[in-house]
Structure formats: C-alpha cells, structure tokens
Amino acid sequence: MASEMKVEVIYKETIKPSSPTPSHLKTTQLSVFDQLAPDVFVPLLLFYPSNINSDAVDSIDHHSSVNERSNILKASLSEALTHFYPFAGTFQYNVSISCDDHGVAFLQAHVNCPMSKILEKPDFEILRQLLPASQGSSQAETGHLLLIQANFFECGGLAIAVSSSHIIIDGYTLSTFIQSWAAVALASSTVSTDHVLLTPKFDVAVSLFPQLDFLNSPPPAMELVEEKCISKRFVFEASKAAALKSKAVSTSVPNPTRIESVSALIWKCATAASRSNSGVVRQSVWSTNASLRKIVQRPLAENLMGNLVGMIVVKIEASEVVDIDFPSVVAKLRKGMEEFKEKYANGVSGEEACGFMKDFVDRIKRVDNYHCSSWCRFPFYEANFGWGKPLWVCQTITMKNVAMFTDTRDGEGIEALVTLSEEDMAKFECDKELLAYASVNPTVM
C-alpha cells in the first residue's frame, strides 16, 4: 500500500490574515509554558469523504470541485487568521511572536488512490505522507508556525492536514482555531456573519504565567528522540469504555472517567510488558498533560490561547508494581489530578514551572516512564467546512512510551495511539486484559 500511494504537492502558497494586525497587537509575549514547549510540530488529520458518486463525475467536474473547495479553505483561513494573528507571525527565539502577518503555509496535494484504501486499515507511516511537515521539524526549518495541506483523493474525498508549532499552540488552542476556521468557511455560503466561536486572547504571559528569564534559569533538556519503536492504534468503543469504567470503581473513586480508566489500563499493561522483557521491577511513572483553563481562578479562561497546560505526574513504586490492582491504579491517577489542581489553582511563577519540569525530566531517567496526551472532548468532529463533518480525526504523534488519545466519532469511546519499543509492543498488544476492552486498529470505514 505504501508503495502504491503517491502524494503529489500541486502547489504551495502563503496565506496572510485578510486584515493587517493592529499595531497594538504586533507582539505576543510567550508564557513560561510556551517557553518550555518543545520546538516540534503537532500533526492532525481530518478526513472528509466524498458526498457524490465518483463513477458519475468526469475529470472536469472533479477538477472544478477541487478548486472550489481549495478556494474556500484559503479564503476562510485568511479571515480566521485575523483573530488568530500570532499563528501568522514570526518566532522570536523563546521570548515572543512578532505578529508581522508573515502568513501560514498552504499546500494543495493530489493523492492517487481512493480514501477508503487508507481508512480500511490505517497505517501511520502512510498517514505521515499527507502532512505538510514532519513532527520533528523545527519552526526555523519550516519558516512558519502553522502549515496546512489539503489532500484531494481520486474518489473526491479530502483530508485536511494541520501541522502546528507547539511553541504557541496546544490541543485546546488548535481545536478552537479549527472550529473558528470551519465556521468561517461554512458561513461563506450563507448570510450569517456570526461565525467566530469566541474571542481568542493571547495574553497568558502577561497575566497568569509570566515568562522565564533563561539567563538565570536555563530550561530542562527535553529529548524527543524518535527511537525505533512500534506504533499501534487501540480503539475502546463506547460500550467497552463504559465497562472499563465500571471495573475501575472503588471506594476512593466512585465515579472514574473514561480517560482515567483507559489510562490506567494502558499504563498497567505497558508496565507489565516492560517488566516481563527486562526481568527488572522498577518504579513506573505516568505523566499526563492537563489543561489549566478550568483550574486557574480567572473569568473567561477558555478564551486564553497558547500552551496553557501543566503536567500531572503519578508513580507506582517498585514494591507495588507486581501486585497492584486496576482500581488502585485509577485511584493514583485521580489523586494526581487533585494534587495538580491544588498546585496550579492560583498560578505559578516561571521559576516554579521550570522547577517542576526539571524535576520531571530528572525523574524519568531513572524509572519506567510513560506519557499521555489526551485530546478527548475537543470538538474536532464538529468541524464542518461546508461538506459535512469529518469521518475520522487522528493524530500521528509517535514517540517511545507515549499514548495519544482522541475521541471515537460518537464522542463516547477513545482511540489510543500507543508507541512502545518493539519488544514491549509484542507483549502489550497480546495482553488479555487489554484486549478484553480494546480492538487493535479496526477499520474506520
């Protein structure tokens, strides 16, 4: 399949905001969390199937449809950037974004196969070919903070690929941007002008989390090295996620969430695989990115854009690893969340945030460590640009011992993209406790 599919970029252009950024908004200061974010690109793919019978469409009609949709995407993107103006700016190393309307990259590509060939059995090596930038790229290498690639398939389907710099964009920010961009596109064919979902604010650094002086406090060294690993997609359908939540109930956590339940199962099974292969019982650490927007004591925190996330760190001691039961793992995750809320509720200084990160980086060098980033409850499946809602939304971040969560299409289940060493994955994907609740890479179709 990889050798059969060819993605040909037809053209690339730079899209600028439709109106110049006002002079008083020309500089966006970074927050400490922006400064600590790795200089990598976060990929996202949204798949929109064709709503017409490809057998009944000639090449002229197909070409006309592609041009029409491409023009809608570009025009609405330009308008959306007037509200998300830092995305079209220039990075001033670890201090600020110069909102100079430099623009974002827009690529249009042709894919020489029907979309069903990809969605029948998703392969993440193939999916990466649809992206405008690799996840390991830096902002300096791409020349942009945001890159978009519109991939048009022979069947008439479309995959919108978004690669966003982690420097200024977290999952919530990206979701808000895509919702606003889609709303502008959808409204372009109606008389409605009420298409911006909220007014984004980029003043986090000035208010809650002022930036760090790196001359006095150098950042911790976060090594995001792509080792030779295996990445696989595990889908917890709604009924299985509900059953797993029931299994997770305990006196201390009478109401576990689906994210807590799935996280606990993946953590427990991954730790068991590592222990089986190494023959060594070590402390195991699970870290999770968590949004601060619902924690900070500030009105309209949901309007705040940028990297407004902290880190929840939970551990299972070596003495507990072998015999710990599933509800106890869930209880540890819940306790970690409660401690996180208490720590960050009133904001933290740049030095404190940097200290937390340095402690985390130092700790994971000595233990089995796993990381999770959840994009569940972000309304990516609501992104309608004028040709319906996406059939499938996926991330393609693949790094050792990392699990990426997204919703299933119904919003009740979880898709987990898990990356482990080849040896650990061989044990993990055969774990009977895991397979009682998860399907391995089922078809999207």
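The figures here come from the full heavy-atom set of this structure, side chains too, leaving out hydrogens, waters and symmetry mates.
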Does any N or O in the side chain of R233 come within less than 3.5 Å of the main-chain N or O of A416, such that one atom is a donor and the other an acceptor? no
Are side-chain N/O atoms of N303 and T199 paired as donor and acceptor at under 3.5 Å? no
CD1/I266 to CZ/F234 distance, rounded to the nearest 0.5 angstrom? 8.0 Å
Show, in sequence, the C-alpha distance, side-chain angles and deciding distance for E125 and R128, and conclude whether the salt bridge (Lys or Arg N to Asp or Glu O under 4.0 Å) test is met. CA-CA 5 Å; E125 291 299 322; R128 287 197 192 98; 2.7 Å; yes
How many angstroms lie between atom CG of L420 and atom CD of E429, to the nearest 0.5 angstrom? 9.5 Å
Rounded distance (nearest 0.5 Å) linking atom OG1 of T28 with atom NZ of K201: 12.0 Å
Does K245 pair with E260 as a salt bridge, N-O distance under 4.0 Å? no
Do you know the tightest heavy-atom contact between C269 and L434? SG-CB, 3.9 Å
Per the side-chain contact (heavy atoms from CB on, under 4.5 Å) rule, which among P114, P49, C113, S116 passes with C155? P114
Between W286 and S284, does any side-chain donor sit less than 3.5 Å from a side-chain acceptor? no
Using the six-membered ring wherever Trp is involved, compare the ring planes of F91 and Y93 and label them parallel, tilted or perpendicular (cut-offs 30° and 60°). perpendicular
Verify the distance criterion only: is there a donor paired with an acceptor across the side chains of D170 and T173 at less than 3.5 Å? yes
Side-chain touch L292/F209, heavy atoms, less than 4.5 angstrom: yes
Should Y370 and T288 be marked as a side chain to side chain donor-acceptor pair (under 3.5 Å) after you check the CA-CA gap, both sets of side-chain angles, and the distance that decides it? CA-CA 9 Å; Y370 304 92; T288 307; over 6 Å; no
Salt bridge (Lys or Arg N to Asp or Glu O under 4.0 Å) between K400 and D424, intermediate numbers included: CA-CA 10 Å; K400 184 180 180 182; D424 286 359; over 6 Å; no
Other residues, nucleotides, ligands: >12 heavy atoms within 6.0 Å of E422 CD: yes
Which of parallel (below 30°), tilted (30 to 60°) and perpendicular (above 60°) describes F177 and F84? perpendicular
Given side chains that start at C-beta, do those of P210 and Q29 come closer than 4.5 Å, heavy atoms only? no
Answer yes if the side chains of S165 and Q139 hold a donor-acceptor pair under 3.5 Å, and no otherwise. no
Distance only, no hydrogens: is a donor on one side chain within 3.5 Å (strictly under) of an acceptor on the other, for T271 and D368? no
Quick one: are I160 and I148 in side-chain contact, heavy atoms under 4.5 Å? yes
Does the pair K247 and V249 meet the rule for a side chain to side chain contact (heavy atoms under 4.5 Å, CB included), with working shown? CA-CA 6 Å; K247 181 183 178 181; V249 170; over 6 Å; no
Report yes if the side chains of L46 and L44 come closer than 4.5 Å at any heavy-atom pair, otherwise no. yes
So T406 and I414, do their side chains get closer than 4.5 Å, heavy atoms only? no
With the threshold set at 4.0 Å, does a side-chain nitrogen-carboxylate oxygen contact exist between K268 and E433? yes
Mark yes or no for whether R377, through its side chain, and G411, through its backbone, hold a donor-acceptor pair below 3.5 Å. yes
Where S19 and T82 come nearest, the two heavy atoms and their spacing: N-CG2, 3.4 Å
Under the criterion salt bridge (Lys or Arg N to Asp or Glu O under 4.0 Å), I'd like the reasoning laid out for K117 against D123: C-alpha separation, chi angles, the key distance, then a yes or no. CA-CA 10 Å; K117 287 292 186 181; D123 182 316; over 6 Å; no
Once the angle between the rings of H102 and H144 is folded into 0 to 90°, is it parallel (under 30°), tilted (30 to 60°) or perpendicular (over 60°)? parallel
Considering all heavy atoms, the nearest V330-S261 contact: CG2-CA, 4.4 Å
When rounded to the nearest 0.5 Å, the distance separating CG of D407 from OH of Y381 is 7.5 Å
If you look at every heavy atom in P132 and A161, which pair is closest and at what distance? CD-CB, 3.9 Å
Closest non-hydrogen atoms of L186 and G386, given as atom of the first, atom of the second and distance, are CD1-CA, 3.6 Å
Scanning both residues in full, the closest heavy-atom pair of C394 with F47 reads SG-CE1, 4.3 Å
Report, as yes or no, whether the 6.0 Å neighbourhood of atom NZ on K26 holds more than 12 heavy atoms from other residues, nucleotides or ligands. yes
Please identify which of these residues, F106, F380, F385, F87, meets the ring pair (Phe, Tyr, Trp, His ring centres under 6.0 Å) condition with W181. F385
Given 3.5 Å as the limit, does a donor-acceptor pair link the side chain of N151 with the main chain of V111, or not? no
Rounded distance (nearest 0.5 Å) linking atom CG of L265 with atom NZ of K240: 12.0 Å
Do other residues, nucleotides or ligands put more than 12 heavy atoms under 6.0 Å from the NZ atom of K427? no
Are the side chains of K121 and T443 in touch, meaning some heavy atoms are under 4.5 Å apart? no
Hey, would you say the W375 and F405 ring centroids sit under 6.0 Å apart? no
Quick check on the 6.0 Å ring-centre criterion: do Y437 and F236 meet it? no
Test item: L45 and T396 side chains (from C-beta on) under 4.5 Å apart, heavy atoms: yes
Looking only at side chains, do N384 and E382 share a donor and an acceptor under 3.5 Å apart? no
Identify which one of D39, N307, D34 satisfies the side chain to side chain donor-acceptor pair (under 3.5 Å) criterion when paired with H166. N307
Point-to-point distance, once rounded to the nearest 0.5 Å, from CG of L146 to CG of L81: 7.0 Å
Please examine the side chains of V40 and S138, heavy atoms only from C-beta on, and report whether any two atoms are closer than 4.5 Å. no
